[in-house]
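Since the model is a prediction, treat every value here as computed from it, not as a measurement. The analysis underlying the following values was restricted to heavy atoms, covering all of them including side chains, and did not include hydrogens, waters or symmetry mates.
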Number of protein chains: 2
Amino acid sequence: MSEDLPSIPSSSTLEDVARVAGVSRATVSRVINGIRNVDPDIQEKVRQAISVTGYAPNRAARSLVTRRTGSIALVVSGAGDEGEEDPFPNRVFGDPFFGRVASGVLGFLRPLGMHPVLMLAETAAAREQVISYLRQGNADGALLVSSHAADPLPKLLVDAGLPAVLFARPPRPIPISYVDVAHRAGGTLAADHLVARGCRRVATITGPLDVPASQDRLAGFQETMARHGHPYIPIVEGDFSHDSGETAMQRLMAEHPDVDGVFIANDLMAQGALLVLRDHGRRIPDDVAVVGFDDSSAALACRPQLTTVRQPMEDMAAEMTRLLLSHVEEPERRVTSVIFEPTLVIRQSA
Amino acid sequence: MSEDLPSIPSSSTLEDVARVAGVSRATVSRVINGIRNVDPDIQEKVRQAISVTGYAPNRAARSLVTRRTGSIALVVSGAGDEGEEDPFPNRVFGDPFFGRVASGVLGFLRPLGMHPVLMLAETAAAREQVISYLRQGNADGALLVSSHAADPLPKLLVDAGLPAVLFARPPRPIPISYVDVAHRAGGTLAADHLVARGCRRVATITGPLDVPASQDRLAGFQETMARHGHPYIPIVEGDFSHDSGETAMQRLMAEHPDVDGVFIANDLMAQGALLVLRDHGRRIPDDVAVVGFDDSSAALACRPQLTTVRQPMEDMAAEMTRLLLSHVEEPERRVTSVIFEPTLVIRQSA
DNA sequence: TTGAAAGCGCTAACAT
DNA sequence: ATGTTAGCGCTTTCAA
């Protein structure tokens, strides 16, 4: 066994393989890149030579001539101003949201032997870094997950002519591909469920209202409640954080102590809100029914477990990746958006 | 302004810059790489030429000759067998633990203009992919965060002669650098605090006992409790998950309903345990004091907020990165381990 | 201090 | 169907 192992790993080149197989470099290259028109016998000889030499293609050399890196960036971005440059931007990854997106991206890329480069772009300097990183050919394109509405990065990417796909619809239309979920339909799902449960005094805690997703979830919810005969419902705005869920629910309890159903625009806020409801002696779902949004890991960490509107984030992330690769492949391809349907996951909270 | 912008981005080469500056490629290269022995006037001329041409060095070309990629892999690894290859390994990132590590790595790398490639290695196939990815020169080395004790990847990396650094001490000694926290000292911190609070019937929920970290936290805790006159304390083993925290605490309540203090080996389990204590009508910290471990985001999501043993994970991750880069720089450098001291963060739960 | 020239390992015309 | 050849853009001796 051990005599096949080259003592210096990763040293052999196409040239070596060609010599061992008794063919030219071009032929070896053809075999490796799966180009037809190669005699099966020779193919076999080449394969053997490859395994004998322990050959592994050199990425830099290939990349230099193909002008492709075969890798993409996964950029987690915000709108942070010049201000304080937190060297440890903990929250981004702390958010259970990110986990499912990353999983979807990795799941799609893995069979292709690709892996994303992880970048953060919370400051203007970091955004510049992303652009120049791509321009230097470190990656062929970018997947962008923005946490804030006013993120300037999408436009920067478009202006630089770099392939990119967003995880959510940008607040103002720009010519860039994206995937998203039908937020409005999600709001409808929540409203229908609360009404069907018999809730009569329903309220909602929204996400930051400058984010399209928040607006749409709210619009779908309001619209549907109105259709069910509840044109006016209490609204408290949150910011998608656990804490803001607590604060918002606190306010709701103070102003509308008689609510019997709440739609909360994401699971993390719902988790916080649940704690407050419990402190106020409300039984869930009997006194107050709660519906969240996302179906992130937070939904399972809630007690009782959260009934929630599920975004198929892994599928969305996979599709986002597929879109990006097709843009890389075919730069003239026109901008596309793909919208996924949410579903209601019923657990104990409503 | 706009006339400086080249219409085709990323197109200019060293050659172009040299022509514009009226010098040779070699000189431009020297300026870019900060090599001295270049006439200041020429340096200035070159710099101007660079900005005029909008030049950005081509990574593949540089990498081909330097035999360095200037990037590293961040590998999240487990011990998963061939079995079910979960295409969406949600949990890994869901764990608030990962967030702080990633932040530390990114924080260290960013000033260097580097960004990690994110890889998952839960299956044998995926581990092979990691090895060949590195061997192909896609990255110069690997940072390894293992979730399971029996992870075979560290040894694979060592055997392949690839630079790597682990986030935690491997269960069996292998010649590889790592960073870790003094788990034992952490257990001591927790014990001292519970005793100082006046707890007299103390128990602990441990992590999986095949993991060195779990063993050490327990050992430090037991040892210190013994020193305080409590040689025997109830022990329940968990697996670091939220759910297992609930289950373990449920069992503790059944078998030792009179406990007044619990040390729980990570925050996620503590979060679950807190819910159970609440269900059993225990007031925290008056009836039962709870100390967690990690100081992850879960500690802040607890109600009451968790008193916990803090690992300086960002610092550890930064150091891990620094170690890896020094191994890449100097392959003969000898294996090193760096151990960090934990601290007690006192909040409301104890 | 600067320039000329030789590759790094690979792919892709082009020729055979 | 296979081989020959010309670079891709950069760094790095070696000369001058």
Side-chain angles (χ1 to χ4, degrees), chain A residues 6 8-47 49-50 53-71 113 132 135-138 140 329, chain B residues 6 8-47 49-50 53-71 113 132 135-138 140 329:
Chain A
I8 297 163
S10 142
S11 55
S12 59
T13 73
L14 249 203
E15 182 86 48
D16 300 329
V17 178
R19 195 173 332 107
V20 170
V23 298
S24 74
R25 297 205 311 267
T27 299
V28 179
S29 176
R30 287 181 188 111
V31 172
I32 286 169
N33 294 303
I35 293 176
R36 44 179 184 284
N37 296 346
V38 179
D39 185 289
D41 288 357
I42 295 200
Q43 278 195 40
E44 188 46 33
K45 243 194 302 184
V46 170
R47 280 189 215 302
I50 288 175
T53 52
Y55 171 74
N58 178 312
R59 217 267 280 246
R62 174 180 295 179
S63 181
L64 184 56
V65 40
T66 60
R67 321 200 125 276
R68 287 275 177 69
T69 67
S71 91
S132 76
R135 289 218 335 148
Q136 291 184 31
N138 286 294
D140 297 329
E329 198 81 23
Chain B
I8 298 163
S10 150
S11 56
S12 61
T13 72
L14 250 203
E15 181 86 50
D16 299 329
V17 177
R19 195 172 332 106
V20 171
V23 298
S24 72
R25 299 204 310 267
T27 299
V28 178
S29 175
R30 287 182 187 112
V31 171
I32 286 169
N33 295 303
I35 292 175
R36 42 178 184 285
N37 296 347
V38 180
D39 184 290
D41 288 357
I42 295 199
Q43 277 196 38
E44 187 46 33
K45 243 194 301 183
V46 169
R47 279 188 216 304
I50 288 176
T53 52
Y55 171 73
N58 178 311
R59 216 265 281 245
R62 174 180 296 180
S63 181
L64 184 56
V65 37
T66 60
R67 325 202 121 276
R68 288 276 177 70
T69 68
S71 91
S132 76
R135 290 218 333 150
Q136 291 184 29
N138 286 294
D140 297 329
E329 199 80 24

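The CZ-C1' distance, from A:Arg135 to D:dG9, rounds to 15 Å in whole Å. Going from atom CZ of A:Arg62 over to atom P of D:dG9 covers 18 Å, rounded to whole Å. Rounding to whole angstrom units, CG of residue B:Asp16 and C1' of D:dG9 are separated by 10 Å. Note: CZ (A:Arg59) to C1' (D:dC8) measures 15 Å, nearest angstrom.
Evaluation of the side chain to side chain contact (heavy atoms under 4.5 Å, CB included) rule for B:Thr13 yields B:Glu15, B:Asp16 as partners, not counting sequence neighbours. The side chain to side chain contact (heavy atoms under 4.5 Å, CB included) search around B:Val31 returns B:Val38, B:Gln43, B:Val46, B:Arg47, not counting sequence neighbours.
The shortest distance between side-chain heavy atoms of B:Ile32 and B:Ile50 falls below 4.5 Å. The shortest distance between side-chain heavy atoms of B:Arg59 and A:Ser63 does not fall below 4.5 Å. Contact annotation: the side chain of B:Asn138 never approaches that of B:Thr69 to less than 4.5 Å [non-hydrogen atoms, C-beta and beyond].
Looking at every heavy atom in both residues, A:Lys45 comes nearest to A:Ala21 through CD-O, 3.7 Å. When all heavy atoms of A:Ala61 and B:Leu64 are compared, the closest pair comes out as CB-CD1, 3.6 Å. The shortest non-hydrogen separation linking B:Tyr55 to B:Leu14 is CE1-N, 3.4 Å.
A donor-acceptor pair is defined here as one N or O able to donate and one able to accept, closer than 3.5 Å; such a pair exists between the side chain of B:Ser12 and the backbone of B:Thr53. For the pair B:Asn33 (side chain) and B:Ile35 (backbone), a donor-acceptor distance under 3.5 Å is absent. Under the 3.5 Å distance criterion, the side-chain polar atoms of A:Asp140 are left unmatched by any main-chain donor or acceptor of A:Arg68. Distance alone, capped at 3.5 Å, places no donor-acceptor pair between the B:Thr27 side chain and the B:Val23 backbone.
Each of B:Ala61 and B:Asn37 lies near DNA chain C, and the nucleotide nearest B:Asn37 is the one positioned closer to the 5' end.
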Between the protein and nucleotides 5-7 of chain D, which nitrogen or oxygen pairs are less than 3.5 angstrom apart?
residue, atom, partner, partner atom, Å
D:dA6, N6, A:Arg25, NH2, 3.2

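Between B:Thr13 and D:dG9, a side-chain N or O to OP1/OP2 separation shorter than 4.0 Å is absent.
Rotation axes derived from the C1' atoms of the five outermost pairs at either end of the helix from C:dT1-D:dA16 to C:dT16-D:dA1 lie 30° apart, to the nearest 10°.
Rounding to the nearest 0.5 Å gives a distance of 11.5 Å between CZ of A:Arg30 and CZ of A:Arg25.
Listed by residue number, B:Thr27, B:Arg30 are the residues of residues 27-35 of chain B with a heavy-atom contact under 4.0 Å to DNA chain C.
Mapping heavy-atom proximity under 4.0 Å, the span of DNA chain C touched by chain B runs 5' to 3' from C:dT1 to C:dG9.
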